[in-house]
Amino acid sequence: PVAVAHTNFAGTSEVSSCNYLARGHGVSAGMFMAEAKRLCPALAVLHYDFEQYEEASLRQIYPIFYEVRPDTP
């Protein structure tokens with residue numbers, strides 16, 4: 001079972017996403033990590049780096065949203 005979160009420390013960290021194996025143990029997105037680890041002690045937690053996602057979005061995705069097309073007034 002695997003979850004993605006900012007940190008794997010039990011407490012106020014929240015699960016961002018999890019796979020079906022983790023969901024089978026009752027783990028779900030938005031759940032506090034302490035509860036997720038109580039439900040699934042073998043839960044592997046992958047750390048995400050929000051700053052990297054934000055940088056990639058600003059560099060690669062946002063320009064697509066704000067692209068001005070020749071046929072657009």
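The residues of the chain are indexed from 1 along the displayed sequence. It should be emphasised that the depicted structure is a prediction, and the values quoted were computed from it without experimental measurement.
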- With sequence neighbours excluded, tell me which residues meet side-chain contact (heavy atoms from CB on, under 4.5 Å) with A3. V15, C18, L43
- Taking all heavy atoms of M33 and all of A5, pick out the closest pair and write down the distance. CE-CB, 3.4 Å
- Taking the side chain as every heavy atom from C-beta outward, state whether V45 and V4 have any pair of such atoms under 4.5 Å apart. no
- Are H6 and H47 close enough that some pair of their side-chain heavy atoms sits under 4.5 Å apart? yes
- Item | Side-chain heavy-atom pair V27, E35 within 4.5 angstrom cut-off | no
- Counting distance only, does the side-chain N/O of N19 pair as donor-acceptor with the main-chain N or O of P1 below 3.5 Å? no
- Message: Under the rule for salt bridge (Lys or Arg N to Asp or Glu O under 4.0 Å), what residues qualify as partners of R23, not counting sequence neighbours?
- Response: none
- Message: In the structure I gave you, are the side-chain heavy atoms of Y48 and S16 within less than 4.5 Å of one another anywhere?
- Response: yes
